[in-house]
Amino acid sequence: MEFPLERTAESWKKFKYNSYYRGGGKQNAGMSLNYLTFTNNGYQYQLFKTYQAEDESYSTGVTVTDSKGKETDIDGIYKTIKGCLCRLDDSHLILKEDTGL
């Protein structure tokens with residue numbers, strides 16, 4: 001899958017990024033949440049990478065939401081991740097969205 005098909009300097013505006021980080025380990029319910037979202041042909045795609053310190057759980061994948069709000073989760077394999085969505089925090093190209101996390 002490639003998105004968008006036409007790539008220009010404006011293409012970056014089609015993506016939104018949000019994240020939340022709380023350190024302190026298990027005793028502080030530490031977590032790291034990273035999401036990259038875009039919409040294509042009436043479907044919203046949300047790529048995610050999360051870590052929860054309380055149970056030391058990791059997850060990654062894509063959540064696809066159709067125009068009626070039905071969600072489909074596609075699980076990723078955490079150990080195969082290359083790079084980090086967290087690097088988008090420093091990007092000035094992608095809109096950082098505050099979702100209240």
**OP:** Would you sort out whether Thr37 and Gln44 count as a side chain to side chain contact (heavy atoms under 4.5 Å, CB included), showing the intermediate values?
**Re:** CA-CA 7 Å; Thr37 306; Gln44 177 181 289; 3.6 Å; yes
**OP:** Any chance you could lay out the side chain to side chain contact (heavy atoms under 4.5 Å, CB included) test for Val62 and Val64, step after step, and finish with the verdict?
**Re:** CA-CA 6 Å; Val62 180; Val64 182; 4.0 Å; yes
Subject >> Heavy-atom donor-acceptor pair, Asn28 side chain to Gly23 backbone, under 3.5 Å >> reply: yes
Original post:
Taking Arg22 for the side chain and Ser32 for the main chain, is one N or O donor matched with an acceptor at less than 3.5 Å?
Top reply: no
Original post:
Sequence neighbours excluded, which residues qualify as ring-ring contact (aromatic ring centres under 6.0 Å, His included) partners of Tyr51?
Top reply: Tyr58
Distance-only check: which donor-acceptor pairs under 3.5 Å involve side-chain atoms of residues 72-90, not counting sequence neighbours?
unit_1	atom_1	unit_2	atom_2	d
Asp73	OD1	Thr63	OG1	2.7
Thr80	OG1	Ile77	O	2.7
Asp89	OD2	Ser19	OG	3.4

**OP:** Indicate if Leu95 and Tyr45 have the same hydrophobic cluster label, given that clusters are the connected sets of ILVMFWY residues with side-chain heavy-atom separations under 4.5 angstrom.
**Re:** no
Atom [atom1] of [X] and atom [atom2] of [Y]: how far apart are they, to the nearest 0.5 Å?
X	Y	atom1	atom2	answer
Gln46	Tyr35	CD	OH	6.5 Å
Tyr21	Met31	OH	CE	11.5 Å
Asn18	Asn34	CG	CG	8.5 Å

Original post:
Which pair of heavy atoms, one from Glu54 and one from Lys26, lies closest together, and at what distance?
Top reply: O-CE, 3.4 Å
**OP:** Take atom CG of Asn41 as the centre, draw a 6.0 Å sphere, and report whether it contains more than 12 heavy atoms from other residues, nucleotides or ligands.
**Re:** no
**OP:** Show the numbers, then the answer: is there a side chain to side chain contact (heavy atoms under 4.5 Å, CB included) between Leu36 and Phe48?
**Re:** CA-CA 7 Å; Leu36 179 67; Phe48 63 89; over 6 Å; no
Using residues 7-15 as the side-chain source, report each donor-acceptor pair under 3.5 Å to any protein atom, sequence neighbours left out, with the distance given to one decimal.
unit_1	atom_1	unit_2	atom_2	d
Arg7	NH2	Glu2	OE1	2.5
Thr8	OG1	Glu10	N	3.1
Glu10	OE1	Lys13	NZ	2.8
Ser11	OG	Glu6	O	3.2
Ser11	OG	Thr8	N	2.7
Ser11	OG	Thr8	O	3.2

**OP:** May I ask you to check whether Phe3 and Phe38 place their ring centers less than 6.0 Å from one another?
**Re:** yes
